[in-house]
Amino acid sequence: MTSAPAQRPAACVLGTVPGTKFEGQRIGIVDLDSAGQEIGRIDLAEADLPEFVRDREDRAGGDSSGPGGARSRWVLSDTAKWCPPLLAAGVSLERCHDLRLAHAILARSELVTAPEAVRAASEWDAAPADAAAPEQAAALFDLDAGRGFIPQVPHDLVAALAEHVRQTAAIETASDPGRLRLLLAAESAGGLVAAEMRAAGVPWDEAEHDRILTELLGPRPIRDGKPQKMLSKAEDVRAALEDPRVNLDSPNRLLASLRNAGINVASTSKWELQTSEHPAVAPLLEYKKMARLLSANGWHWLDEWVDDGRYRPVYVPGGVVTGRWAASGGGALQIPRQLRPALRADEGWRLVSADVAQLEPRALAAMSGDRAMAEAGFGRDLYSGLVDAGVVATRQEAKIAVLGAMYGSTTGEAGALVPRLRQNFPAAMHLVDSAAEAGRQGGVVSTWLGRTSPPPGEGWQRLQRAANRFDATGADEQRARRAAGDQGRFTRNFVVQGTAAEWALAWLADLRLRLARLPEIEETSEAAAPNGGKDTSPAAASGPVFSRRAHLVFFLHDEVIVHAPTEQAEEAAEAIRAAAASAGRLLFGDAPVDFPLDLSIGERAIKD
DNA sequence: CTCCCAGGCGCG
DNA sequence: AAAGCGCGCCTGGGAG
């Protein structure tokens with residue numbers, strides 16, 4: 001069946017091949033050399049794939065960074081499809097090229113000078129971010145056996161080979177193939193990380209979660225009623241409003257009741273309520289907070305998303321046009337700070353948490369080559385650096401000014417402060433101002449590594465045309481100007497958010513490999529003998545690949561959490577730091593920008 | 001009944 | 001009804 005290739009293949013393309021009725025699904029693997037020429041072809045039963053992959057990855061062995069030591073890059077349709085069964089069988093891929101994720105980038109990138117062939121292969125367009133019409137979305141996705149979406153791209157070998165040829169050609173003729181290769185490698189590694197984090201799960205202390213809910217809301221109600229503390233808080237609000245029957249969960253009715261009580265607000269939103277001194281406001285805000293906690297992360301959520309001491313959200317790499325990840329179940333991107341104490345390491349393990357301070361402005365300083373801005377943030381809090389440099393008076397002002405610059409604020413305090421940044425950091429501000437101007441004109445912009453923004457839609461174009469007609473009304477012009485401004489703020493932010501996302505992906509990718517090189521720990525004593533060798537330790541819930549080694553469990557834009565055996569926690573922390581330094585060099589070379597981390601090791605993942 | 005939208009709020 | 005970007009999720013309530 002399998003024969004060792006004469007030379008180590010540079011790439012192995014993986015895909016399904018037709019088998020006979022009785023064989024079940026078969027898998028084909030085509031080995032390619034570095035020139036893309038076929039040097040071997042193998043065909044095996046689906047059930048034999050994990051062993052085959054393990055054998056290949058093991059045989060390459062050792063340090064893969066040295067010459068001749070590189071493991072092959074697996075080329076596959078979609079990490080979300082191929083990885084889960086491999087991980088369940090105890091096998092992970094070191095490197096891959098995810099054709100679906102790569103397609104989404106290449107079909108749009110400004111760096112690609114000959115995009116026609118890739119763009120024409122529309123069967124590869126089913127990325128979540130590109131699901132054009134909502135009515136088609138249901139048909140574009142399969143709800144897999146577990147949870148989460150497997151986009152409907154072709155998974156067969158013939159289609160994978162053809163798409164790989166198209167992508168390779170597009171990359172080779174790109175204006176800067178190196179950057180694009182870096183981006184695609186990072187994006188694909190992100191696909192692997194997402195699949196692996198889902199397999200491992202976040203260690204979650206269900207008892208602590210329940211304790212937090214009970215403390216804040218009262219004991220869990222039988223059936224679907226509201227907990228007692230919430231009911232009594234609601235009574236306080238109704239009493240203060242002198243409206244004993246009002247339904248606080250209905251914004252319309254609540255608004256009417258508030259106005260009857262003489263509270264002059266236009267909506268029931270928090271920021272507006274805060275302006276009122278009325279005695280109903282304080283308990284109402286508390287009630288809203290309780291209601292939010294109950295509906296978003298209450299007992300129902302716990303039942304649905306946490307199992308066996310593991311929280312397994314569905315990540316969607318590349319799900320945001322800027323390159324950030326999205327989530328499609330479980331709310332991985334919105335775990336409230338209130339519940340942070342529920343993230344808890346297994347017995348004998350630690351959580352190593354790290355986040356980057358002010359990632360986006362640092363990415364901006366690096367990509368624009370703004371030495372003054374880089375200097376302001378070097379080795380310290382960037383906002384305090386702005387105060388020290390005399391750009392603004394307080395840290396709070398610095399934050400408002402910097403966010404305002406990246407988001408395109410023109411009014412209020414931010415609007416007043418941004419001109420000072422323009423004066424002090426001309427290179428950085430020129431970069432974002434140019435991006436905004438391109439967007440206002442209807443153009444596209446690209447991140448540092450070449451991810452390109454989507455052009456404005458047909459509706460936007462129509463508004464602009466309407467405003468340019470001879471009979472355009474003032475309202476037409478106002479609408480068009482507003483839409484142009486919106487698009488400008490989008491492209492302004494795109495280059496910064498997208499480049500920050502690239503740094504974060506490079507960080508993740510490098511960290512993942514460093515952690516995978518750590519040795520497996522010895523079996524813990526309880527897990528060793530009694531059960532005939534079967535692993536019964538809590539860490540077994542992380543699955544065969546991760547139960548004995550530090551591994552990533554959480555990622556959120558500029559933050560990672562690693563679950564590590566206690567004796568490996570320091571090494572894991574060092575890996576996180578080394579990966580951050582490495583990501584900075586990989587993207588920005590010797591630019592004088594650093595990406596300092598706030599890092600902590602503990603039983604729980606507590607952020608202040 | 002289902003579908004869709006807006007309001008509101010959690011995260012970066 | 002935030003000013004000022006990017007998301008996902010839950011709820012109520014109207015449309016079909």
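Proteins get letters first, then strands, A, B, ... in listed order; numbering begins at 1 in each.
- Considering only the side chain of A/Gln497, C/dC5 comes nearest among C/dC7, B/dC9, C/dC5.
- Place A/Phe490 and A/Thr411 on DNA chain C by their nearest nucleotides, and A/Thr411 ends up nearer the 5' end.
- The base of B/dG12 sits within donor-acceptor range of the side chain of A/Arg324, with an N or O pair under 3.5 Å.
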Quick one: side chains of residues 256-265 of chain A, donor-acceptor pairs under 3.5 Å with protein atoms, not counting sequence neighbours, listed by atom name and distance.
from	atom 1	to	atom 2	distance (Å)
A/Ser257	OG	A/Asp243	OD2	2.8
A/Arg259	NH1	A/Val265	O	2.6

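- Of the possible donor and acceptor atoms, none in the side chain of A/Glu187 sits under 3.5 Å from a partner among the backbone N and O of A/Leu101.
- Residue-level contact check: A/Arg489 touches the backbone only, with heavy atoms under 4.0 Å from sugar-phosphate atoms and none from bases.
- At least one side-chain heavy atom of A/Asp433 sits less than 4.5 Å from a side-chain heavy atom of A/Arg492.
- Between the C1' atom of B/dG8 and the CG atom of A/Leu258 lies a distance of 14 Å, rounded to the nearest Å.
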Using a 4.0 Å heavy-atom cut-off, write out nucleotides 8-16 of chain C from 5' to 3' as B (base contacted by protein), S (sugar-phosphate only) or - (no contact).
BSSSSS---
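- The ring pair (Phe, Tyr, Trp, His ring centres under 6.0 Å) search around A/Phe490 returns A/Phe494, not counting sequence neighbours.
- In DNA chain C, runs of at least 3 stacked Watson-Crick or G-U pairs (N1-N3 plus N6-O4 or O6-N4, or N1-O2 plus O6-N3, all under 3.5 Å) give these stems: B:1-12 with C:5-16.
- Here the separation of C/dG4 from B/dC4, taken at their P atoms, is 32 Å to the nearest Å.
- Nearest to the side-chain atoms of A/His557 among the listed nucleotides B/dG8, C/dG4, C/dG6 stands C/dG6.
- A/Thr275 places a side-chain N or O within donor-acceptor distance of the main-chain N or O of A/Glu272, the cut-off being under 3.5 Å.
- A/Trp503 places its CH2 atom 14 Å from the C1' atom of B/dG12, with the value rounded to the nearest Å.
- Checked by atom type and distance alone, the side chain of A/Thr499 pairs as donor or acceptor with a backbone atom of A/Trp448 at under 3.5 Å.
- Checked against ring pair (Phe, Tyr, Trp, His ring centres under 6.0 Å), A/Phe595 has the following partners two or more places apart in sequence or in another chain: A/Trp503.
- Partners of A/Arg462 according to the salt bridge (charged side-chain N to carboxylate O under 4.0 Å, His left out) rule, which considers only residues two or more places apart in sequence or in another chain, do not exist here.
- Put simply, A/Lys288 has a side-chain N or O that comes within less than 4.0 Å of OP1 or OP2 on B/dC9.
- The backbone N or O of A/Ala199 lies less than 3.5 Å from a partner atom in the side chain of A/Arg312, making a donor-acceptor pair.
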